[in-house]
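Working notes, structure below.
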Amino acid sequence: MNKINQLFSERQDRKLLSLYFCAGCPTLEGTGEIIKTLERRGIDMIEVGIPFSDPLADGPVIQAAGTIALKNGMTLQKLFDQLKAIKNEVHIPLVMMGYLNVIMHYGFEKFFQSCVECGASGAIIPDLPFDDYQKVVKPIADKYDIRVIMMITPETSDERIRFIDDNTDGFIYMVSSASITGAQSNFNEAKVAYFNHINAMNLKNPRMIGFGISNKQTLESAQDNAAGAIIGSKFVALLNETKNPDKAIDLLYEALKK
């Protein structure tokens with residue numbers, strides 16, 4: 001079974017926590033250490049960011065991390081080589097997260113084959129049009145048993161959400177707001193109403209809520225309304241600040257209690 005499907009089928013009522021980091025930041029060769037540390041420290045799933053020069057959905061923290069990674073010399077091929085080196089030591093799902101330009105340049109067939117070879121179970125491509133996903137990408141991803149995860153936002157229509165739910169597998173990435181990534185102090189009434197509305201749709205796929213989760217209030221709100229939470233900017237900032245994944249996760253866990 002695909003590791004993403006396995007994670008959600010075995011979690012029962014336990015709320016999941018997924019973290020994002022940008023490969024190649026703060027150091028070029030730190031990818032393996034970061035992933036192994038996060039698994040050891042209880043993280044359920046990891047989004048491995050592929051750095052790109054023009055990341056549309058990302059806020060200043062993740063944009064800055066991507067810039068550092070590119071300056072450090074990170075490439076998609078180098079990233080796959082790093083992941084392949086630790087494949088037998090990693091047991092939790094890895095989800096590759098990157099923009100269409102980089103993946104198209106690498107080649108879809110080669111990309112999904114490389115995902116299998118390095119132990120990745122899924123991919124998030126934020127700027128992938130759904131029609132292209134269905135016609136071009138999905139058949140290749142299915143061939144390699146890789147889950148392509150789609151995002152929904154408060155601006156996504158119910159019809160579109162149903163369509164995504166019917167045509168994807170793994171989980172749905174539920175973006176907390178129709179804005180770029182970045183830590184937020186709370187989720188307001190409008191966001192909670194959005195969460196409640198999606199809950200009432202009874203979708204077949206589990207959902208993970210991301211964008212803006214950085215403290216106890218936002219974490220609990222996400223976990224109350226989905227299978228779990230995805231944290232990106234807060235962890236990326238702490239990792240860049242400490243240059244040490246163990247210290248960064250310590251500080252993150254502290255922040256999530258406040």
*Taking side chain as C-beta onward, heavy atoms only, is I152 less than 4.5 Å from I161?*
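Yes, close enough: below the 4.5 Å cut-off.
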Legend entry - Any S176 side-chain heavy atom under 4.5 Å of F195 side chain: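 Yes, side chains in contact.
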Please name all residues satisfying side-chain hydrogen bond (donor to acceptor under 3.5 Å, both in side chains) with [X], sequence neighbours left out, ordered by chain then number.
| X | value |
| --- | --- |
| D81 | Q77 |
| T31 | Q82 |
| D246 | R40, R41 |
| D158 | H197 |

Check: Considering residues at least two apart in sequence or located in another chain, which fulfil the ring-ring contact (aromatic ring centres under 6.0 Å, His included) criterion with Y144?
Finding: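 Per chain and number, Y144 pairs via ring-ring contact (aromatic ring centres under 6.0 Å, His included) with no residue.
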Quiz item: How would you list, by chain and number, every residue that makes a ring-ring contact (aromatic ring centres under 6.0 Å, His included) with F108, sequence neighbours excluded?
Solution: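 Result, ring-ring contact (aromatic ring centres under 6.0 Å, His included) vs F108: none returned.
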The residue among R11, R14, K3 that forms salt bridge (Lys or Arg N to Asp or Glu O under 4.0 Å) with D44 is R14
_Suppose the criterion is ring-ring contact (aromatic ring centres under 6.0 Å, His included): which pairs have a residue in residues 120-139, not counting sequence neighbours?_
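Checked against ring-ring contact (aromatic ring centres under 6.0 Å, His included) - neighbours excluded - the pairs reaching residues 120-139 are F130-Y133, F130-F163.
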So the ring-ring contact (aromatic ring centres under 6.0 Å, His included) pairs with at least one residue in residues 4-33 (sequence neighbours excluded) are F8-F171
Discussion item. Do K110 and Y106 form a cation-pi contact, if we require the NZ or CZ to be under 6.0 Å from the six-membered ring centre and within 45 degrees of the ring's axis?
Written reply: yes
> Checking side chain to side chain contact (heavy atoms under 4.5 Å, CB included) for the pair I50/F111: CA distance, chi angles, key distance, verdict?
Replying inline: CA-CA 12 Å; I50 303 164; F111 176 79; 4.1 Å; yes
Side chain to side chain donor-acceptor pair (under 3.5 Å) evaluation trace for S221 with D224
CA-CA 5 Å; S221 183; D224 287 346; over 6 Å; no
Starting from [Y], can I reach [X] by hopping between I/L/V/M/F/W/Y residues whose side chains sit under 4.5 Å apart?
| X | Y | value |
| --- | --- | --- |
| L70 | V61 | no |
| I92 | L38 | yes |
| L79 | I68 | no |
| V192 | I209 | no |

| request: Let me know which of Q134, K138, R162 forms a side-chain hydrogen bond (donor to acceptor under 3.5 Å, both in side chains) with N167. | output: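 Answer to the side-chain hydrogen bond (donor to acceptor under 3.5 Å, both in side chains) test with N167 among Q134, K138, R162: Q134.
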Exercise for review: Carefully, step by step, assess E47 and I230 under the rule side chain to side chain contact (heavy atoms under 4.5 Å, CB included).
Suggested key: CA-CA 9 Å; E47 288 179 22; I230 299 168; 3.3 Å; yes
Verdict with supporting geometry, I124 and M96, side chain to side chain contact (heavy atoms under 4.5 Å, CB included): CA-CA 6 Å; I124 300 172; M96 307 297 293; over 6 Å; no
Residue list, salt bridge (charged side-chain N to carboxylate O under 4.0 Å, His left out) with [X], at least two apart or on another chain:
| X | answer |
| --- | --- |
| K247 | none |
| D145 | R147 |
| K87 | none |
| K143 | E109 |

| said: Please determine whether the number of non-hydrogen atoms from other residues, nucleotides or ligands lying under 6.0 Å from atom CD of E10 exceeds 12. | reply: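 Yes.
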If you count the non-hydrogen atoms of other residues, nucleotides and ligands that lie under 6.0 Å from NZ in K204, is the total more than 12?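 Atom NZ in K204 is crowded, with more than 12 foreign heavy atoms closer than 6.0 Å.
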Next item on the list: Using a strict cut-off of less than 4.0 Å between a Lys/Arg side-chain nitrogen and an Asp/Glu carboxylate oxygen, indicate whether E29 and K78 qualify as a salt bridge.
Entry: yes
- Please lay out, stage by stage, how N225 and N199 fare under the test side chain to side chain contact (heavy atoms under 4.5 Å, CB included). CA-CA 7 Å; N225 290 281; N199 282 335; 3.0 Å; yes
